[in-house]
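Sequence lines set the chain letters: A, B, ... in the order given, protein chains first and strands last, and positions in each chain run from 1.
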Amino acid sequence: MTRLAVIDFETTGISPEQGARATEVAIVLLEHGRVVDRFQSLMNAGVRIPSFITQLTGISNAMIAEAPPAAQVMAEASRFVGSLPMVAHNAAFDRKFWVAELALAGLDAPQAYACTVLLSRRLFPHAPSHKLGLLIDHLGLPRAGRAHRALADAEMAASLLARMQDELRRQWQLEASPALLMALQRCSKAAVPGWLRQQQACAPVQTRQAAVLGAV
DNA sequence: TGCCAGGCCCTCTTTAGGGCCTT
């Protein structure tokens, strides 16, 4: 099993294509089910934070005013991650901001992404909700700090990922390598049980999102 | 003024619609 970088962004909105910018990033490195390193920073992208975002995250304009420039933070984050495979809860969201903020800093984003929403829908199909906090509660995992702050959410996503790796090991005798996680999220949901039982090649059905997120 | 994401996945589907998930 190799290292994975679990990331979470706090942002001013839902899409960088609509002008939203990142306000905070956190990354935890997970190895053998344990967090072995952490990176966290607020970042100043020179934009104002809507009041409802401050209510949601607790991140204010005053906090951002004292934060380092976004490009500097993203360069440090990029060095911290290197070429590790990345993981996020609803990775389509975080990957968009990872790519957009690195591009604004003049940096590439070659990392593949796995998505804990896609994986949890496959491994825990009967969970009442796949929201991060509710999944954490459903699985009996500990909450980590204030929800909707980047480090707390990244820690919880890492805890969820470790729980899924443990599930694959105990229930299916599968080593949850990055390559296996990428293959699992590429499987159509209906094909997952047979694939896990037989450890065969994934069914030819491949979701568009998984194709975008990439492979190891 | 009103609208402004987008991909997954289920279903009363597939020539579609709507809830979920992220801030």
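- Nucleotides B/dC20 and B/dT15, compared at atom P, are 25 Å apart to the nearest Å.
- Comparing B/dC12 with B/dG19, their P atoms sit 14 Å apart, to the nearest whole Å.
- Across the protein-nucleic acid pair, A/Lys189 atom NZ and B/dT11 atom C1' stand 13 Å apart, rounded to whole Å.
- Comparing B/dC3 with B/dC10, their P atoms are spaced 31 Å from each other, to the whole Å.
- OP1 or OP2 of B/dT22 sits under 4.0 Å from a side-chain N or O of A/His89.
- Between the C1' atom of B/dT23 and the CZ atom of A/Phe52 lies a distance of 7 Å, rounded to the nearest Å.
- In this structure, A/Val28 and A/Asp8 have side chains that are not in contact, with every pair of non-hydrogen atoms separated by 4.5 Å or more.
- Across all strands, A/Asp8 comes closer than 4.0 Å only to sugar-phosphate atoms, never to a base (heavy-atom distances).
- Comparing the C1' positions of B/dG2 and B/dG7 gives an interatomic distance of 25 Å, to the nearest angstrom.
- Distance A/Leu119 CG to B/dC21 P: 15 Å, rounded to the nearest Å.
- Contacts classified as salt bridge (Lys or Arg N to Asp or Glu O under 4.0 Å) and involving residues 98-111 of chain A (residues at least two apart or in different chains) are given here: A/Arg21-A/Glu101.
- Summarising the geometry, the separation between CZ on A/Arg121 and C1' on B/dT22 is reported as 11 Å, rounded to the nearest angstrom.
- The hydrophobic cluster containing A/Val99, built from Ile/Leu/Val/Met/Phe/Trp/Tyr side-chain heavy atoms closer than 4.5 Å, comprises no other residue.
- With rounding to whole Å, A/Leu134 atom CG is found 8 Å from B/dT22 atom P.
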Polar atom pairs between nucleotides 4-6 of chain B and protein, under 3.5 Å, N or O only, would you list them?
{"residue": "B/dG6", "atom": "OP1", "partner": "A/Glu17", "partner atom": "OE1", "Å": "2.7"}

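- To the nearest angstrom, P of B/dT23 lies 11 Å from NZ of A/Lys131.
- Between A/Leu135 and A/Thr116, the closest side-chain pair of non-hydrogen atoms is not below 4.5 Å.
- Checking the phosphate oxygens (OP1, OP2) of B/dC21, a side-chain nitrogen or oxygen of A/Ser129 falls inside 4.0 Å.
- The residue A/Phe9 sits close only to the backbone: its heavy atoms come under 4.0 Å of sugar-phosphate atoms, none of a base.
- One atom, CD1 of A/Ile53, and another, C1' of B/dT23, lie 4 Å apart when rounded to the nearest Å.
- When the C1' atom is used for both B/dC9 and B/dT14, the distance is 13 Å, rounded to whole Å.
- Side chains of A/Phe9 and A/Ile7 form a contact here, defined as non-hydrogen atoms less than 4.5 Å apart.
- Other members of the hydrophobic cluster containing A/Phe52, listed by chain and number, are A/Leu42, A/Ile49, A/Ile53, A/Ile59, A/Met63, A/Ile64; membership follows side-chain contacts under 4.5 Å among ILVMFWY residues, whether direct or relayed.
- For the pair A/Met156 CE and B/dT22 P, the computed distance is 10 Å after rounding to whole Å.
- Residue pairs meeting the side chain to side chain donor-acceptor pair (under 3.5 Å) criterion with at least one partner in residues 138-164 of chain A, sequence neighbours excluded, are A/Glu24-A/Arg149, A/Arg38-A/Glu155, A/Asp137-A/Arg143, A/Arg163-A/Glu167.
- Counting only residues at least two apart or in different chains, salt bridge (Lys or Arg N to Asp or Glu O under 4.0 Å) contacts with residues 43-59 of chain A are absent.
- Nucleic acid contact for A/Thr57: sugar-phosphate only, since backbone atoms but no base atoms lie under 4.0 Å from a heavy atom of the residue.
- Rounded to whole Å, the C1' atom of B/dT23 lies 14 Å from the corresponding atom of B/dG6.
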